Amino acid sequence: MTQTSDYNFAYLDEQTKRMIRRAILKGLAIPGYQVPFASREMPMPYGWGTGGVQVSAAVLRPEDTFKVIDQGADDTTNAVSIRTFFERTAGIETTTTTGDATVIQTRHRIPEEPLSEGQILVYQVPIPEPLRFLEPRESETRKMHSLEEYGLMHVKLYEDISRHGHIATSYAYPVKVEGRYVMDPSPIPKFDNPKLGDMAAIQLFGAGREQRIYALPPYTNAVSLDFEDHPFEASKADHPCGLCGAEDSYLDEVIIDDDGTRMYVCSDTDYCEGRRAAGFVGAMAQAGDGEILTTQRELEITA
Amino acid sequence: MSPLLSVQNITKYYGSHIGCKDVSFDLYPGEVMGIVGESGSGKSTLLNCMAGHLDPDAGEVLFDTRTDGPRDTITMSEPERRMLSRTDWAFVHQHARDGLRMGVSAGGNVGERLMAVGARNYGDIRTKATDWLERVEIDADRVDDRPITFSGGMQQRLQIARNLVTGPRLVFMDEPTGGLDVSVQARLLDLLRGLVRDMGLSAIIVTHDLAVVRLLADRLMVMKDGHVVEAGLTDQVLDDPQHAYSQLLVSSVLQV
């Protein structure tokens, strides 16, 4: 698809991008701090990644290669439409290969393949305030952040343990950044939390509706909150991937027939496809019929 | 002995209207001070000024801090004041739901102050929370229930447990027995009296219920229209009121 000339490069006008870049720079200077910014109306509904799209638009250069993932997959509606959006409005190269991308916009996952210096990971964030469901007043949560009063965050974890016997928060698991700000890492599974800290790539978080941007510069320390006697544990389904046999990747549970038969597949499609191309075969795939299963899985996920 | 809390000329105006004016007193460790008066007499304004919830227009509130001795809590920085209100101070609200997190279990409510001052061991927090629930006569097996399922009296007792768990030295109470029926009030007062004596707490109790101050308070201040009209030992003021308004207040109590 070619770029239309009706829009400025990457849709937003230059002044808006400048304003967003300022917010990003401030966010990078104060890791984990939520910087307010004048979020624009985007041609998509709130909740579809308006924050991430604005951040991506502000950091994209004409020579960038762009990748979009939605829950790890390159082929779901959200990922496909945002990728097409930037193909049209910026005319940039897009890819599904993690290693080839310079900017990756993600919804709710961190790619399995370790990212490298020079890459930027842009998160779509629905609710940037980790304390929101505990303290409804914005004035109060801001004060709590500025005074480092984070006891309430542990009240949430306490409630989890008292109700479920273990910390049941499994996504959007709060982290403390460089011993200072408590941050919501967007609804990534807590399996991905250990990857947040000390990452070589720049991590940017954009919340469009809530008008906040925050960031983790490369190699920033990010510690998941926990109790001494209930330490943080990165959890995943206890299965290998049905298609590629990977035991170290985060898995989606897919029901494949009316009898409730399940298969577990990598949520990161690029990682799974890469492994299958390299010859790894999972228990539910024979060599060669990976294509059929992939199609079936797409049907399941989009249904 | 130096006073724990020394209040000097606290004045608060709401526009041109007087909230409270030129109130001064000293509170010594282990002492319970009652403040009585009718609605609108400025007793809650005074309490909120002392507890740092309101900014008074003039005056000083000197608190004898553990580390630095007497400090003016009004001019002290907000982080310091909030730290005080989590550790050495406690505030019991009239309505338990103002002082509790209704969506959080009883144990979480009691544990919040512990976690706010850095407790990070779940087992310890829970043991302490259960222990405190028992001290305020709430069954230990209700520790995971939300306060929404508690009766009014239980909610008030839970609020007290939540406030006292960090071992504060000064408790502010705003009508702690308001809205409770008399038998529940009696048990709550009994409990409070026990806790205040056992822990050697100092307390400032705002109430319009003279029976509450008779039972709990060592000293009494009577307020009217923002001014203190009479102050003295509780029994002295209640048995031999000097000011016309105190006389009216004492004689207005219904005798059953």
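Just the heavy atoms: all of them, side chains too, but no hydrogens, waters or symmetry mates, feed the values below. If you're wondering where the values come from, they're calculated on a predicted model, not measured in any experiment.
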Query raised in the report: Under a 4.5 Å heavy-atom cut-off, does chain A meet the side chain of B/R113, its backbone, both or neither?
Result: neither
Report task. With a 4.5 angstrom heavy-atom cut-off, could you sort out which part of B/D144 is near chain A: side chain, backbone, both or neither? Result -> side chain
Query raised in the report: Which of the residues B/E112, B/R82, B/E78 is involved in the greatest number of heavy-atom pairs with chain A at under 4.5 angstrom?
Result: B/R82
Report task. Check whether the side chains of B/N121 and A/E228 place a donor and an acceptor atom closer than 3.5 Å, and report yes or no. Result -> yes
**Report entry** Within the 6.0 Å centroid threshold, strictly below: A/H108 and A/Y123
**Finding:** no
Query - A/K236 atom NZ, over 12 foreign heavy atoms within 6.0 Å - result: yes
Requested in this report: Step through the shown structure and confirm whether more than 12 heavy atoms of other residues, nucleotides or ligands are within 6.0 Å of CZ on A/R132.
Outcome: yes
Query raised in the report: Tell me, side chain or backbone of A/H154 under 4.5 Å from chain B's heavy atoms, or both, or neither?
Result: both
Requested in this report: Pick one of side chain, backbone, both or neither for A/K156, based on which atoms fall under 4.5 Å of a heavy atom in chain B.
Outcome: neither
Query raised in the report: Is it the side chain or the backbone of A/I161 that comes within 4.5 Å of chain B heavy atoms, both, or neither?
Result: both
Report task. Mind ranking B/G107, B/G111, B/G103, B/A116 by heavy-atom pairs under 4.5 Å with chain A and telling me who comes out on top? Result -> B/G107
Report summary line: Applying a strict 4.5 Å limit to non-hydrogen atoms, the region of A/L157 in contact with chain B is neither
**Report entry** Portion of B/V143 that has a non-hydrogen atom of chain A nearer than 4.5 angstrom
**Finding:** side chain
Query raised in the report: Will you find, in the side chains of A/S186 and A/Q124, an N or O donor that is under 3.5 Å from an N or O acceptor?
Result: no
Query - Side chains of B/R71 and B/E80 in contact at under 4.5 Å (non-hydrogen atoms) - result: yes
Report task. Check whether more than 12 heavy atoms from other residues, nucleotides or ligands sit under 6.0 Å from atom CG of A/D238, and answer yes or no. Result -> no
